[in-house]
Amino acid sequence: MVDLPAPVARYLAAYNAIDVDAMLATMADDIIFDHVSNATESVRTEGKESLEQLARQTASLMSARTQTVRQAVCQEQGELTRCALLVDYEAVVAMDLPDGLEQGQVLRLRGASFFELRGDLITRITDLS
């Protein structure tokens with residue numbers, strides 16, 4: 001795996017394990033999350049509680065999921081760290097979904113994720129797919 005700041009590495013490991021509690025442990029209370037997709041509407045949450053609701057809902061839709069980092073660039077500026085990641089995403093759909101995805105179907109996407117950290121906590125995540 002690419003060398004990443006510890007909170008980002010822990011977040012990705014928790015994401016891949018579908019461990020929402022461990023994902024949330026890496027985040028600041030005022031986390032901002034944006035997901036922008038070509039296939040679906042954009043989603044934005046503000047605050048850990050809102051992100052927790054979204055994370056638990058989306059975790060239940062996949063029986064397995066993996067984000068693999070292909071490339072990463074991180075820059076530190078005092079207490080602020082920014083990282084840009086090129087990721088491959090693969091997931092197995094857990095149930096038939098209204099958008100036409102079927103149980104057992106494998107999704108494969110390439111996207112980018114951008115993280116901002118203050119100290120040991122993630123303060124912002126932006127996913128593009």
Side-chain angles (χ1 to χ4, degrees):
M1 179 182 242
V2 177
D3 190 29
L4 297 170
V8 175
R10 287 193 309 270
Y11 167 84
L12 290 170
Y15 181 93
N16 291 345
I18 312 179
D19 184 343
V20 174
D21 292 330
M23 287 170 49
L24 293 169
T26 66
M27 299 175 190
D29 289 339
D30 61 349
I31 180 113
I32 296 172
F33 173 77
D34 290 296
H35 177 81
V36 180
S37 172
N38 290 352
T40 61
E41 293 182 24
S42 298
V43 174
R44 180 184 187 111
T45 65
E46 295 184 21
K48 194 184 279 191
E49 287 182 18
S50 293
L51 182 54
E52 178 179 9
Q53 291 174 5
L54 177 64
R56 291 197 188 285
Q57 178 186 8
T58 57
S60 70
L61 301 177
M62 302 299 154
S63 59
R65 65 184 186 191
T66 304
Q67 285 191 55
T68 304
V69 178
R70 297 176 49 84
Q71 294 179 323
V73 176
C74 296
Q75 181 182 36
E76 293 182 25
Q77 296 174 325
E79 287 187 26
L80 179 66
T81 302
R82 290 187 174 106
C83 293
L85 284 58
L86 177 61
V87 297
D88 287 334
Y89 174 81
E90 185 172 303
V92 179
V93 179
M95 65 190 80
D96 291 346
L97 299 175
D99 64 1
L101 295 174
E102 297 178 356
Q103 181 179 6
Q105 185 175 346
V106 177
L107 301 176
R108 290 183 182 88
L109 304 168
R110 180 162 288 167
S113 293
F114 302 89
F115 290 84
E116 290 184 11
L117 299 89
R118 286 204 186 280
D120 288 333
L121 294 174
I122 300 168
T123 58
R124 184 175 194 126
I125 303 171
T126 303
D127 287 335
L128 307 175
S129 64

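Proximity of Gln75 to Cys83: side-chain heavy atoms (C-beta onward) are nowhere separated by under 4.5 Å. Counting heavy atoms from C-beta on, the side chains of Asp30 and Ile32 never come closer than 4.5 Å. Side chains of Arg110 and Leu86 form a contact here, defined as non-hydrogen atoms less than 4.5 Å apart. In this structure, Lys48 and Leu24 have side chains that are in contact, with non-hydrogen atoms separated by less than 4.5 Å. Inter-residue side-chain proximity for Asp29 and Ile31 is flagged as unmet; no heavy-atom pair is nearer than 4.5 Å. Leu117 is listed as a side-chain neighbour of Val8, based on a closest heavy-atom distance under 4.5 Å. Inter-residue side-chain proximity for Leu61 and Val93 is flagged as unmet; no heavy-atom pair is nearer than 4.5 Å. Under the 4.5 Å side-chain criterion, counting only non-hydrogen atoms from C-beta, Leu51 is in contact with Met27.
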Start with the C-alpha gap between Asp88 and Arg70, add the side-chain angles, then the distance that decides, and say whether salt bridge (Lys or Arg N to Asp or Glu O under 4.0 Å) holds. CA-CA 7 Å; Asp88 287 334; Arg70 297 176 49 84; 3.3 Å; yes
Taking it one step at a time, do Phe33 and Asp127 satisfy side-chain contact (heavy atoms from CB on, under 4.5 Å)? CA-CA 8 Å; Phe33 173 77; Asp127 287 335; 3.4 Å; yes
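In plain terms, the two heavy atoms of Ser113 and Gln67 that are nearest each other are OG-OE1, 4.0 Å. Smallest separation of non-hydrogen atoms from Ser60 and Met95: O-CE, 3.3 Å. Between Leu121 and Pro7, the closest heavy-atom pair is N-CG, 4.5 Å. What you find for Ala72 and Leu85 is that their closest heavy atoms are CB-CG, 4.2 Å. Ser63 and Ala94 make their closest contact through N-CB, 3.7 Å (heavy atoms, listed as atom of the first residue, atom of the second, distance). Between Met23 and Ala55, the shortest heavy-atom contact is CE-CB, 4.3 Å.
Put simply, CG on Leu97 and CG on Asp99 are 5.5 Å apart, with the number rounded to the nearest 0.5 Å. The NE2 atom of His35 lies 12.0 Å from the OG1 atom of Thr45; values are rounded to the nearest 0.5 Å.
The main-chain N or O of Arg10 is never found under 3.5 Å from a side-chain atom of Thr26 such that the two would form a donor-acceptor pair. The backbone N or O of Ser50 lies less than 3.5 Å from no partner atom in the side chain of Gln53, so there is not a single donor-acceptor pair. A donor-acceptor pair is defined here as one N or O able to donate and one able to accept, closer than 3.5 Å; such a pair exists between the side chain of Asp96 and the backbone of Gln103.
Side-chain contact annotation: Asn16 with Thr66, donor-acceptor N/O pair under 3.5 Å absent.
A salt bridge between Arg118 and Glu116 is absent, with no side-chain N of the basic residue lying under 4.0 Å from a carboxylate O of the acidic one. In summary, Glu52 and Arg56 engage in a salt bridge, as defined by a charged side-chain N under 4.0 Å from a carboxylate O.
Side-chain heavy atoms closer than 4.5 Å link hydrophobic residues (I, L, V, M, F, W, Y) into clusters, and following such links, possibly through other members, connects Tyr89 to Leu4. Follow the hydrophobic side-chain contacts under 4.5 Å out from Ile125 and you reach Val43 in the same cluster. There is no path of hydrophobic side-chain contacts, each under 4.5 Å, that joins Val92 to Met62. Hydrophobic clustering (ILVMFWY, side-chain heavy atoms < 4.5 Å, transitive): Ile18 and Leu107 are in distinct clusters.
Ring orientation note: the planes of Tyr15 and Tyr11 are tilted relative to one another, at an angle of 30° to 60°.
For Arg124 and Phe115, the positive end is not near the middle of the six-membered ring at less than 6.0 Å and at most 45° from its axis.
Atom CD of Glu49 has 12 or fewer neighbouring heavy atoms from other residues, nucleotides or ligands inside a 6.0 Å radius. Enclosure of atom CD in Gln77 by more than 12 non-hydrogen atoms of other residues, nucleotides or ligands within 6.0 angstrom is indicated. The environment of CG in Asp120 is sparse: at most 12 heavy-atom neighbours from other residues, nucleotides or ligands sit within 6.0 Å.
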